[in-house]
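Remarks on the structure that follows.
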Amino acid sequence: MTTPSLSAILMAPVNAVMRMIDVPLRRLQKATGIGGMAAFFLAPNMLIFGVFVLLPLVINFVYSMTGGTAFFLSERDFIGGQQYSRLFQCQNYLDPMSCQEDAFWTAVGNTFWFVLLQVSLMILTALITALILNRELAARSFWRAVFFFPVLLSPVVVGLIWKWILQRQGLLNFGLYQFGLDPYTWLTDRNWTFAATIGVSLWAHMGFYALIILAGLQAIPKDLYEAAEMDGTKPARVFWRITLPLLAPNLLVVVVLALIKSVQVFDEIYVLTGGGPGTSTLFLTQYIYETGFASALRNPGLAAAASILMGGVLVVLTLIQLGIGKRGENKGKR
Amino acid sequence: MGEIKLTDVKKSFGAVTVLKDINLHIEDGEFVVFVGPSGCGKSTLLRTIAGLEKITGGEIAIDGKRVNDVTAADRGLAMVFQSYALYPHMSVRQNLAFGLENSNMPKAEITERINEAARMLEIEAYMDRRPGQLSGGQRQRVAIGRAIVRRPTAFLLDEPLSNLDAELRVSTRAELAALHVRLGSTMIYVTHDQVEAMTLAHRIVVMRAGTIEQVGTPLELYNKPANRFVAGFIGAPHMNFLKADVVAVSAGVVTLAFAGGYRGELQIGQAKLHVGEKVTVGVRPQHLIVSDDPQHPTVKIYLVEALGSETVVHGDLGGEKVLAVLPGQQRLNAGDTVRFDLSKPVLHVFDDNGLRLFTHPGQEG
Amino acid sequence: MGKVARFILRRKGGQGWHWTDIVTWFWLVGGLIIMFGPAIWLVFSSLKTPAALAEFPPSILPYVTQQVTVEGHDKPLMLYNAKMPDGSTRVLAEVRRIGLVAQMVDPKAPAEIVRVNINDRTPVRTMSFATENYTQPFVHFDFLRYLWNSVFVTVVATLITLVVNSMAAFALSKYEFKGRSIAMLVILATLMVPLSVIMVPLYSIISTLGLFNSLWGVILPTVATPTGVFILRQYMLTIPDELIDAARMDKASEWQIYWRIVLPLTAPALAVLAIFSVVWRWNDFLWPLIVLSRRELYTLQVGLSIYSGELNVQWHFILAMTVVTMIPVVLVFIFLQRFITTGIAGTGLK
């Protein structure tokens with residue numbers, strides 16, 4: 001006989017518990033049959049999904065049609081579509097400041113520009129990074145790690161790192177000072193702050209998308225490139241005629257994924273700027289959070305209505321993503 | 001005890017019927033082999049006996065007790081799977097112990113049974129290894145060992161040798177036969193390889209498309225196939241089938257006209273035939289004899305495979321392919337024409353529906 | 001050395017520098033500085049005293065001016081290298097400064113006052129790590145409590161995630177039953193429902209269940225991740241069904257099959273999910289911010305953001321605690337990078 005290993009000793013109590021659980025479960029299995037056990041295994045997950053995802057989803061619609069500041073549904077008045085009409089009430093539809101909920105439209109506008117700029121820059125930089133990482137590099141996994149490293153950092157850490165760098169005595173101003181330029185208060189200037197939010201979120205997430213694109217690049221068969229080389233194809237032509245078309249499905253998924261994440265932007269920006277200066281970096285999620293919870297004049301119904309509108313956008317984007325994914329799968333099968 | 005009785009067993013997956021009214025009685029201690037082409041339902045039949053598939057009609061009884069609603073665990077059977085299905089994360093010893101621990105057997109007895117099985121199968125040397133560290137043959141033994149320690153009423157073996165290389169398959173086959181003699185338990189064995197069936201079985205169950213074609217001892221199947229399918233399936237290489245027309249019937253003798261003009265007279269026995277009927281005549285390749293007699297049909301040879309101990313000749317008899325296995329080494333070449341004597345060998349005559357009418361020369365039945 | 005250099009600088013085509021080689025190295029070196037630089041700057045800054053943090057231009061490394069106690073002076077005095085009129089330098093302590101002239105003394109001979117022009121003296125600086133930035137928040141503030149809360153949430157949520165998701169994945173991969181495709185659809189649908197869409201009603205549900213201001217209120221809504229179910233199900237589909245048949249013949253109950261056969265064989269996928277879950281839960285911010293309003297319940301992320309949002313930000317503490325918050329994730333990254341990158345490349349999910 002062999003002596004028991006450390007893991008065996010550690011697992012002994014767990015195994016004992018599992019054996020105890022097994023006794024009633026065997027009885028359950030006798031009663032329900034094997035098919036019934038499937039329901040048993042699925043139940044905890046479905047219960048949690050039901051209570052914490054599906055139920056809120058349904059209640060959200062009810063919330064969006066009630067008014068008042070109370071949180072419990074029973075204490076709220078039904079007001080129909082008033083929250084929605086409030087969101088859409090504007091004197092001049094071209095000017096967000098003329099709307100009753102000008103903050104909502106400011107958030108929508110900010111989010112729109114943020115998404116547009118962040119996603120296009122993100123895809124561009126991630127694509128370049130992936131193409132470079134796909135070359136024959138020494139210590140490739142090291143370089144991959146360099147670009148991927150910030151992805152795992154918490155949004156709060158990301159926000160604080162950059163807040164520290166962008167502040168008046170920060171590293172950025174020190175850099176300018178070295179070149180003989182004057183220090184600047186970046187996070188009090190509307191335009192610079194907005195640019196900073198894009199830059200910081202690029203820094204934090206680019207590695208993630210680069211990694212997915214890299215996986216797509218590595219899935220392209222090597223012999224295609226060898227064939228192109230045999231034909232004497234120029235590198236630029238290889239990129240446009242082989243790499244890009246074969247990468248397209250993967251790239252499309254990445255774009256939609258980036259859009260979905262970008263629309264929900266919140267954490268690191270909230271820590272970095274708090275939405276300011278003024279409302280220059282107020283994005284949708286922060287609007288919902290502040291309308292629902294943080295502000296003194298909180299209005300959960302309005303927040304719910306806004307979140308449903310945002311959810312609609314996300315559903316459309318997700319369906320596009322799933323559609324692309326399915327098409328890709330079918331292609332793979334054929 | 002291990003007597004298994006199947007009565008009108010049916011199984012369908014949705015609209016697809018896999019087993020149609022299977023009736024079979026397996027005696028205690030018998031070695032029964034289910035054989036048939038892939039997709040004939042033989043594995044499904046085994047799995048319904050095991051309790052891994054629920055039957056959609058009929059009855060399964062083990063030792064006289066109806067077990068339709070008894071789960072696989074409680075039927076007291078053990079199974080050896082085609083892929084061996086050894087638990088990859090457990091050592092050989094743990095693999096053997098798993099089933100016994102589940103039935104709350106005392107530790108001492110578990111150890112004793114495992115040691116006994118390990119000795120019997122000569123797997124003692126690698127009891128603490130994982131299946132991934134074993135060769136195919138060793139895994140095979142462990143899979144059998146896992147069944148043995150359970151001391152089941154019957155062993156169910158699902159193509160257990162199909163993942164072994166040819167040489168190992170032959171030796172393991174012999175060991176399995178010896179094991180059956182030693183244990184004396186009922187064994188039900190599924191294979192698509194008729195050689196395995198012939199060498200191992202007390203009785204062979206030939207299946208096709210969800211039905212049983214014939215049940216019998218290996219030699220019964222070989223000598224008196226019930227129909228064309230069984231005749232073609234049992235024996236290697238396959239039996240030759242030649243089309244023929246009945247041109248004359250007289251007392252006990254029928255005259256058949258083969259393609260290419262050859263006519264032969266066969267002893268008909270009790271069978272009934274009438275002039276103008278179309279029949280198929282089956283003859284085993286090993287039974288064909290080369291002849292100089294100009295009455296015998298000519299065969300044009302297009303391929304000769306000299307194996308040393310025997311010579312396999314592929315030829316053409318009046319437009320039909322024939323295969324002959326001739327003893328020893330023959331001076332024949334592709335392109336030669338020879339004559340085969342069809343008057344001496346055993347000939348099986350099948351009617352239009354493929355059922356065997358009689359066998360020449362006259363044996364009863 | 002030559003070999004190493006040639007290996008590192010290996011280029012396409014061999015001869016000469018193609019423009020793509022230049023772009024590559026520009027991008028890689030630039031990336032190295034931009035990606036790692038801020039984090040390294042954070043770590044160096046977190047070791048500086050408040051005085052050093054306030055300096056501009058800042059020094060990279062944490063320097064402090066050396067001080068000495070000199071006989072006849074109550075307070076410690078700053079040490080300087082002073083250039084003497086004769087060209088030599090002496091190490092002197094500054095007593096006081098009047099206009100452009102500093103009155104200094106030699107610490108060994110404190111009686112004699114030396115007058116030095118302030119431009120002729122430079123402070124004697126040594127490296128010093130302000131470790132109190134790390135110890136103080138734990139001792140005098142609630143950060144030890146926050147750290148514990150974060151660890152609790154991360155560990156418990158990950159354990160529940162593993163159990164609940166693997167059970168569901170087992171049901172969805174190894175059983176045929178009515179409603180299986182509906183269950184798959186429901187799980188898929190939850191991919192479309194991020195927290196930001198349901199935070200108002202979810203908050204009311206948590207409150208109704210009495211989980212407001214409770215760490216369980218942070219944990220429970222996060223544990224049924226669709227990503228987790230997908231990763232595990234995908235992996236379990238590769239476990240041969242014959243193994244499960246064999247276990248059923250071996251008198252194993254379904255629970256035993258799950259626990260003794262399927263779970264051990266799913267270990268690699270469980271490891272990936274565990275790593276992801278740890279990172280997710282450790283980094284969670286918005287939801288804990290909503291659910292936790294009592295200070296003693298804050299997680300590190302919430303505590304950090306609240307402290308950093310205060311009017312009088314004590315950056316030396318914030319920076320140190322940011323480093324502390326970063327450490328587990330960096331450790332996970334260093335040791336388990338391979339799991340993470342293959343996990344992301346395989347599923348496309350973060």
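The figures here come from the full heavy-atom set of this structure, side chains too, leaving out hydrogens, waters and symmetry mates. Every chain is numbered from 1 and lettered A, B, ... according to where its sequence line falls, protein lines coming before strand lines. Keep in mind it's a predicted model, so treat the numbers as computed, not measured.
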Taking every non-hydrogen pair under 4.5 Å, which of [options] racks up the most with chain A?
| options | answer |
| --- | --- |
| G179(C), S305(C), P194(C), A169(C) | P194(C) |
| A39(C), P38(C), S204(C), G31(C) | P38(C) |
| I206(C), I160(C), L220(C), T325(C) | L220(C) |
| F285(C), F177(C), W282(C), F36(C) | F285(C) |
| V330(C), L289(C), I334(C) | L289(C) |
| I187(C), V23(C), V223(C), L42(C) | I187(C) |

Portion of [X] that has a non-hydrogen atom of chain A nearer than 4.5 angstrom:
| X | value |
| --- | --- |
| I205(C) | side chain |
| V279(C) | side chain |
| W315(C) | side chain |
| L300(C) | neither |
| V229(C) | side chain |
| T208(C) | both |
| R260(C) | neither |

Using heavy-atom distances under 4.5 Å, tell me whether [X] contacts chain C through its side chain, its backbone, both, or neither.
| X | result |
| --- | --- |
| V58(A) | neither |
| F147(A) | both |
| F49(A) | both |
| L57(A) | both |
| M46(A) | side chain |
| F142(A) | side chain |
| V271(A) | side chain |
| L25(A) | side chain |

Could you report the tightest heavy-atom contact between [X] and [Y], atom names first, then the distance?
| X | Y | result |
| --- | --- | --- |
| P56(A) | P201(C) | O-CG, 3.2 Å |
| V156(A) | Q301(C) | CB-OE1, 3.3 Å |
| M37(A) | Y175(C) | CB-OH, 4.4 Å |

Main-chain N/O of [Y] paired with [X] side-chain donor or acceptor, under 3.5 Å:
| X | Y | value |
| --- | --- | --- |
| Q29(A) | S253(C) | no |
| N283(C) | L152(A) | yes |
| N165(C) | N45(A) | no |

**OP:** Using ring pair (Phe, Tyr, Trp, His ring centres under 6.0 Å) as the criterion, point out the one residue from Y63(A), F52(A), F293(A) that pairs with Y203(C).
**Re:**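 When Y63(A), F52(A), F293(A) are each tested with Y203(C), the ring pair (Phe, Tyr, Trp, His ring centres under 6.0 Å) holds only for F293(A).
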Euclidean distance, [Y] [atom2] relative to [X] [atom1], rounded to 0.5 Å:
| X | Y | atom1 | atom2 | result |
| --- | --- | --- | --- | --- |
| Y258(C) | I21(A) | OH | CD1 | 9.5 Å |
| L55(A) | L202(C) | CG | CG | 9.5 Å |
| I308(A) | I198(C) | CD1 | CD1 | 11.5 Å |
| L304(C) | S154(A) | CG | OG | 7.5 Å |
| Q264(A) | L195(C) | CD | CG | 8.5 Å |
| M326(C) | L153(A) | CE | CG | 6.5 Å |

Using 30° and 60° as the class limits, which term best fits the ring planes of [X] and [Y]: parallel, tilted or perpendicular?
| X | Y | value |
| --- | --- | --- |
| W255(C) | F40(A) | perpendicular |
| W25(C) | W143(A) | perpendicular |
| F41(A) | F170(C) | perpendicular |

Subject >> Interface residue of largest heavy-atom contact number with chain C, from L28(A), I128(A), I213(A), under 4.5 Å >> reply: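 The residue among L28(A), I128(A), I213(A) with the greatest pair count is I128(A).
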**OP:** Return the option, out of A294(A), S141(A), A145(A), P150(A), with the maximum number of heavy-atom pairs under 4.5 Å with chain C.
**Re:** A145(A)
Is a side-chain donor-acceptor pair under 3.5 Å present for [Y] with [X]?
| X | Y | answer |
| --- | --- | --- |
| S196(C) | Y289(A) | no |
| N15(A) | W259(C) | yes |
| R26(A) | Q256(C) | yes |

**OP:** Quick one: do L28(C) and L137(A) satisfy side chain to side chain contact (heavy atoms under 4.5 Å, CB included)? Show the steps, please.
**Re:** CA-CA 10 Å; L28(C) 290 178; L137(A) 290 175; 3.8 Å; yes
Original post:
Which is it for I288(A) and V197(C) under the side chain to side chain contact (heavy atoms under 4.5 Å, CB included) test, yes or no, and what are the steps along the way?
Top reply: CA-CA 9 Å; I288(A) 297 168; V197(C) 173; over 6 Å; no
**OP:** Take atom CZ of R27(A) as the centre, draw a 6.0 Å sphere, and report whether it contains more than 12 heavy atoms from other residues, nucleotides or ligands.
**Re:** no
**OP:** Step by step, work out the side chain to side chain contact (heavy atoms under 4.5 Å, CB included) result for L42(A) and R180(C).
**Re:** CA-CA 10 Å; L42(A) 203 53; R180(C) 188 169 89 165; over 6 Å; no
